[in-house]
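Provided herewith is a single structure, encoded as structure tokens, for subsequent inquiry.
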Amino acid sequence: MSTVVMERVLVVPTELFHRLGHFQGFSADVERYLPTLFDPVHTSYRPRGEVEQDPSYKQLIPYVIFRYRSPDGVELFQYQRGKGQGEGRLHSKLSIGVGGHISSEDAVATGPAYVEGMRRELAEEVLIDTEYRERCIGLINDDESEVGRVHLGVVHLVDVDRPAVRGRERDLVEAGFRPIAAIRACRDRLETWSQICLDAPPLA
């Protein structure tokens, strides 16, 4: 049995999300959702192989966007997903978000599991060689896609002092900063979550 199938990942009941206020696309109302969604009373760790096909649960996924304000305008970190990344339904798609599942193993660390999981994912996927500032700017929900129905994205915007972020994994193909206008020009090649973020007020 594969490691992905055996992994236990952080989830919340989809019904809870609907009770807080269902939306399609992007919501900047972080305070409305996160305190309840992150409450251990509501969260659990379930086998990833099961919940990937079970829309009664939403897997909580940090989605981290790196932004650099160059003299010529805004640039975002972009890459193409290689075939070695865990979510096969997103292979070959362009993305502006870095992150992944929060594992039950993250819960044994000293800090909150979500924060520890996000740090682990970033450390595994990218090397950040610059000062930066991070803030949570919203959530993504996309019930119109097979992948989106079982995931809920928590969007973090990281402003970097220099464009010194590079991919660690070989499956982050052609990773680097690109002008936001150039990224929008290839919108059809982007995964849905990246398209949603590009239209969100913090980036629009």
Side-chain angles (χ1 to χ4, degrees), residues 7-48 50-52 54-67 76-77 86-87 90 95-126 128 132-145 147-160 165 191-204:
E7 182 184 13
R8 299 179 70 84
V9 295
L10 182 66
V11 301
V12 294
T14 301
E15 183 274 333
L16 174 66
F17 166 59
H18 284 200
R19 207 173 344 129
L20 291 171
H22 176 271
F23 64 89
Q24 170 67 28
F26 182 88
S27 172
D29 198 354
V30 174
E31 292 303 318
R32 177 179 183 176
Y33 293 94
L34 293 192
T36 301
L37 293 177
F38 284 165
D39 189 330
V41 171
H42 303 297
T43 59
S44 61
Y45 293 90
R46 295 180 178 269
R48 181 173 172 183
E50 295 179 9
V51 294
E52 288 287 5
D54 185 357
S56 65
Y57 289 98
K58 287 282 191 180
Q59 301 165 60
L60 295 175
I61 308 291
Y63 199 68
V64 182
I65 298 171
F66 292 94
R67 180 174 65 181
L76 302 178
F77 183 78
E87 181 49 78
L90 298 178
S95 178
I96 61 170
V98 177
H101 295 81
I102 307 301
S103 168
S104 57
E105 296 180 2
D106 297 315
V108 302
T110 54
Y114 176 85
V115 175
E116 294 296 330
M118 182 175 69
R119 288 174 178 167
R120 172 185 53 76
E121 285 286 346
L122 289 178
E124 290 174 357
E125 297 191 14
V126 294
I128 307 170
Y132 62 87
R133 293 153 302 283
E134 177 270 326
R135 59 192 174 97
C136 183
I137 61 171
L139 294 90
I140 305 169
N141 182 62
D142 176 29
D143 288 337
E144 296 178 356
S145 71
V147 179
R149 279 192 290 272
V150 293
H151 296 89
L152 189 65
V154 183
V155 185
H156 300 261
L157 182 61
V158 176
D159 282 302
V160 296
V165 179
E191 63 190 20
T192 305
W193 278 15
S194 290
Q195 292 181 5
I196 291 172
C197 286
L198 278 177
D199 296 336
L203 296 180

Ring-ring centroid check H156 Y132, cutoff 6.0 Å: no
Working for side chain to side chain contact (heavy atoms under 4.5 Å, CB included), residues V64 and E134: CA-CA 9 Å; V64 182; E134 177 270 326; 5.8 Å; no
Test item: Y45 and V9 side chains (from C-beta on) under 4.5 Å apart, heavy atoms: no
Given V155, D159, V98, the one that forms side-chain contact (heavy atoms from CB on, under 4.5 Å) with I65: V155
Side chain to side chain contact (heavy atoms under 4.5 Å, CB included) partners of S103, counting only residues at least two apart: E7, E105, D106, R120
Rounded distance [0.5 Å steps], CD1 in I102 versus CZ in R8: 15.5 Å
Pairs under 3.5 angstrom only: tabulate donor-acceptor contacts from the side chains of residues 34-44 to other protein residues two or more places apart or in another chain.
residue, atom, partner, partner atom, Å
D39, OD1, V41, N, 2.9
S44, OG, R46, NE, 3.3

Sequence-distant partners of T14, side chain to side chain contact (heavy atoms under 4.5 Å, CB included), two or more places apart: H18, K58
Taking every non-hydrogen atom, the tightest pair across S194 and G97: OG-N, 4.1 Å
CD1 on I196 to CG on D142, rounded to 0.5 Å: 4.5 Å
Residues forming a side chain to side chain contact (heavy atoms under 4.5 Å, CB included) with E15, sequence neighbours excluded: R19
Value rounded to 0.5 Å, distance of CD in E191 from SG in C197: 9.0 Å
Residue pair V147, T192: steps toward the side chain to side chain contact (heavy atoms under 4.5 Å, CB included) verdict: CA-CA 9 Å; V147 179; T192 305; over 6 Å; no
Minimum side-chain heavy-atom gap V158-F77 below 4.5 Å: no
Exercise: identify the closest heavy-atom pair between H22 and N141: NE2-ND2, 3.6 Å
Atom of G138, atom of F26 and distance for their closest heavy-atom approach: CA-CZ, 3.8 Å
From CG (L157) to CZ (F66), nearest 0.5 Å: 10.0 Å
From M118 atom CE to I61 atom CD1, the distance as rounded to the nearest 0.5 Å: 13.0 Å
Pairing residues for Y63 by the ring pair (Phe, Tyr, Trp, His ring centres under 6.0 Å) criterion, not counting sequence neighbours: W193
A113 to A107 - nearest heavy-atom pair and separation: CB-CA, 3.7 Å
Separation between OG of S56 and CZ of R149, rounded to the nearest 0.5 Å: 13.0 Å
Non-neighbouring partners of D54 that pass salt bridge (Lys or Arg N to Asp or Glu O under 4.0 Å), sequence neighbours left out: none
Heavy-atom closest pair, residues G148 and D143: O-OD1, 4.2 Å
Partner residues of F23 under the ring pair (Phe, Tyr, Trp, His ring centres under 6.0 Å) criterion, sequence neighbours left out: F17, Y33
